[in-house]
Amino acid sequence: MTAFDLTGKVALVTGGNGGIGLGMAKGLVDAGALVMVAGRNAEKNRGAVEALGAKADAIAADLTEGSGAKAAVAAAVQKFGRLDIVVNNAGTNIRRAPQDYSLEEWHSVLNINLTSMFLCCQAAYPHLRERGGKIINIGSMMSIFGASFAAPYGASKGAVVQLTKSLAIAWAPDKIQVNAVLPGWIDTDLTKGARQEISGLHEKVLARSPAGRWGNPGDMAGIAVFLASPASDFITGTAIPVDGGYSAQG
Ligand code: NDP
């Protein structure tokens with residue numbers, strides 16, 4: 001058994017039916033974990049379970065509702081008998097000039113990116129504290145930088161880092177480590193939309209990234225395994241960029 005072995009551990013991956021969440025879920029399954037995926041779209045959920053194989057299942061849930069978050073946690077515990085790891089990855093963006101957002105749009109982005117994370121952490125806590133556990137919260141480059149077209153998204157992703165620190169401090173005595181991951185520009189449905197809406201984005205990302213490429217969901221698997229495993233037991237309250245060097249460039 002290596003320090004990265006997740007055999008016997010159970011993970012809930014929100015938004016694990018595609019993109020970064022599915023990339024992380026694959027990493028966790030490959031390391032031995034059993035994975036419950038939670039997303040609203042039943043068809044995407046089915047596709048994810050097919051891709052992940054027998055060690056995975058899925059629940060259709062809207063995580064912006066307290067009942068959805070509780071149902072997702074309960075599904076993982078009922079199916080696999082325990083809960084050790086939560087990857088809070090569900091997220092969205094609405095791109096506009098700041099002055100053009102409706103209040104409904106503002107709340108919608110904050111609810112998915114931030115409130116659902118908090119609700120899932122609250123629902124998971126009683127289970128994680130039984131044996132200690134791992135929470136991995138997905139931030140963004142916009143946890144660090146602003147963007148003219150993403151005011152609520154940036155506000156939510158900045159808050160993800162501060163929420164992560166507060167939970168890390170509060171739950172350290174329970175042996176629960178809470179960390180954030182800040183992905184760079186990763187090729188997913190979310191960023192396909194961004195590339196259509198923001199002219200020149202694709203080339204700007206290439207020009208700024210020392211790695212010289214966009215990331216892919218598979219690039220997110222290693223950090224998920226590391227932060228879910230005993231190898232990271234002394235790491236908590238951090239925010240780790242996984243960005244091909246994008247945030248290192250001034
Ligand atoms: P996708 O659009 O591919 O994935 C978003 C996921 O969130 C989907 O699985 C979606 O499932 C789920 N989701 C959205 N709303 C809800 C909800 N209310 N309840 C439950 N699930 C929900 O995008 P990415 O993979 O790119 O994004 C994943 C995360 O990574 C997000 O938090 C995003 O902000 C972050 N990120 C992405 C970057 C990138 O470059 N791609 C960069 C930095 C951060 P369903 O539709 O079935 O509900």
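For the single chain, residues carry numbers from 1 onward in sequence order.
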*Hey, are the side chains of L83 and L12 touching, using non-hydrogen atoms and a 4.5 Å cut-off?*
yes
*Short side-chain to backbone donor-acceptor contact, S140 and K157, under 3.5 Å*: no
*For atom NZ of K192, decide whether the heavy atoms of other residues, nucleotides or ligands shown that lie under 6.0 angstrom number more than 12.*
yes
*asked:* Please determine whether a side-chain nitrogen of the Lys or Arg among R213 and D219 lies less than 4.0 Å from a carboxylate oxygen of the Asp or Glu.
replied: yes
*In terms of side-chain geometry, is the basic nitrogen of R131 or D174 positioned less than 4.0 Å from the acidic oxygen of its partner?*
no
_side-chain hydrogen bond (donor to acceptor under 3.5 Å, both in side chains) between N179 and T238, worked out_ = CA-CA 5 Å; N179 290 290; T238 62; 2.6 Å; yes
*Under the ring pair (Phe, Tyr, Trp, His ring centres under 6.0 Å) rule, collect the residues that match up with H107, sequence neighbours excluded.*
none
_Within the supplied structure, the quantity of interest is the number of heavy atoms (other residues, nucleotides, ligands) at a distance under 6.0 Å from E104 CD; does it exceed 12?_
no
*asked:* Salt bridge check, D62 against R40: does any charged N sit closer than 4.0 Å to a carboxylate O?
replied: no
*For R96, does its backbone N or O pair with a side-chain atom of Y101 as donor and acceptor, under 3.5 Å?*
yes
*Given the rule in the side-chain contact (heavy atoms from CB on, under 4.5 Å) test, do L227 and K134 qualify, once you have shown the distances and angles that lead to the verdict?*
CA-CA 7 Å; L227 290 178; K134 304 282 188 176; over 6 Å; no
*Report the residues that fulfil salt bridge (charged side-chain N to carboxylate O under 4.0 Å, His left out) with R195, sequence neighbours left out, ordered by chain and then residue number.*
D187
*asked:* Can a donor-acceptor pair be found, under 3.5 Å and without considering hydrogens, that links the side chain of Q249 to the backbone of Y246?
replied: no
*asked:* Apply side-chain hydrogen bond (donor to acceptor under 3.5 Å, both in side chains) to residues N113 and S156 and explain how you reach the verdict.
replied: CA-CA 6 Å; N113 294 358; S156 71; 3.1 Å; yes
*Flag this pair as yes if the NZ/CZ of R95 is under 6.0 angstrom from the six-membered ring centre of F149 and inside a 45 degree cone about the axis; otherwise no.*
no
*Take the angle between the ring planes of Y125 and W171 and call it parallel below 30°, perpendicular above 60°, tilted in between.*
parallel
*Can you establish whether the number of heavy atoms outside F118 located under 6.0 Å from its atom CZ is more than 12?*
no
*Greater than 12 external heavy atoms within 6.0 Å of K70's NZ*: no
*In terms of side-chain geometry, is the basic nitrogen of R82 or E130 positioned less than 4.0 Å from the acidic oxygen of its partner?*
no
*Verify whether the ring centers belonging to W185 and H202 lie closer than 6.0 Å.*
no
*Does any N or O in the side chain of D84 come within less than 3.5 Å of the main-chain N or O of V10, such that one atom is a donor and the other an acceptor?*
yes
_Side chains of S143 and L182, heavy atoms from C-beta outward: is any pair under 4.5 Å?_
yes
*Is it the case that one hydrophobic cluster holds both I138 and V225, taking links as side-chain heavy atoms less than 4.5 Å apart, direct or via other members?*
yes
*Decide yes or no for M36 and V13: does some side-chain heavy atom of the first lie under 4.5 Å from some side-chain heavy atom of the second?*
no
*Within 45° of the ring axis of F145 and under 6.0 Å from its six-membered ring centre, is that where the NZ or CZ of R208 lies?*
yes
*Output yes when a side-chain donor or acceptor of S232 lies under 3.5 Å from a complementary backbone atom of F226, and no otherwise.*
yes
